[in-house]
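All remarks here apply to the structure that follows.
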Amino acid sequence: MIKFLSPTPTLKTKLIVFDLDGTLYNKRWLSLRMVLHAPWDILKMQAERKVRSSMKGIWLENKSAFYTEYFRRLAAALHLSQQSVEQWYNQRYMPLMVRLIGKYQPLGEWVLPYIDACRAKGIKLVVLSDYGHAHEKLQALGLSPTLFDWVVSAPELGGLKPAPQLLYHVAEQMNVSSYDCLVIGDREDTDGTMADATGAQFQLIKY
Ligand SMILES: [Mg+2]
């Protein structure tokens, strides 16, 4: 169960930046479910995790540079062509994740009331996910992306958490200072470190 929340951000909070996976929903057993639903892809899934972790905190400035490097590393790890790993990622891996989230992973009970409370205070809301397919995941959870001012993934901006440029970019787009942001996430080493590096507040979520 959730361990916070007073739905009361600090007085100066003007923007809340939500992580998605493990934050807006409980991701318990998701990795295992992925493997059980596509056991033939286990090596690819393991390689994907390793590559993602090798690129943690990277900043390459734009989406195209990020995905070129990401698929280059994944193809090298699997001894496959970049085209085939890209196809696997976009057409099988991410759609499977979205489908399993919609079927099995529960939306946090705190999420909708919290969003309403923040809206009532005029606080802007952004989802910043470390993965792509963020819109599809929100829809799978029954959360309309229109509840947020912006739904964006870190790779679309050119990097991965905890690169501070990600939060600076989001804050700038929303016309607020990063000092007036509250980051809500389930990982101290990514969401928390990014918040610390940019002077934002951080709220840890644990299910
Ligand atoms: Mg997360």
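One is the number of the first residue; the rest follow in order along the sequence. Read the numbers this way: they start at 1 and go in the same order the structure lists the ligands and their atoms.
Coordination check, D21 versus the Mg ion (ligand 1): passed, since an N/O/S atom of the residue sits under 2.8 Å. The Mg ion (ligand 1) does not have D191 among its coordinating residues (no N/O/S atom, backbone or side chain, under 2.8 Å).
Between the OH atom of Y131 and the NZ atom of K137 there is a distance of 6.5 Å, given to the nearest 0.5 Å.
Note on D19: its N/O/S atom closest to the Mg ion (ligand 1) is OD2. As for D186, its N/O/S atom nearest the Mg ion (ligand 1) is the one called OD1.
Taking a 6.0 Å sphere around CD of E172, one finds it holds 12 or fewer heavy atoms contributed by other residues, nucleotides or ligands.
The pair K44-E48 fails the salt-bridge criterion, with no side-chain N (NZ, NE, NH1 or NH2) lying under 4.0 Å from an Asp/Glu carboxylate O.
Geometric assessment of R33 against the ring of Y104 yields a positive cation-pi assignment under the 6.0 Å and 45° thresholds.
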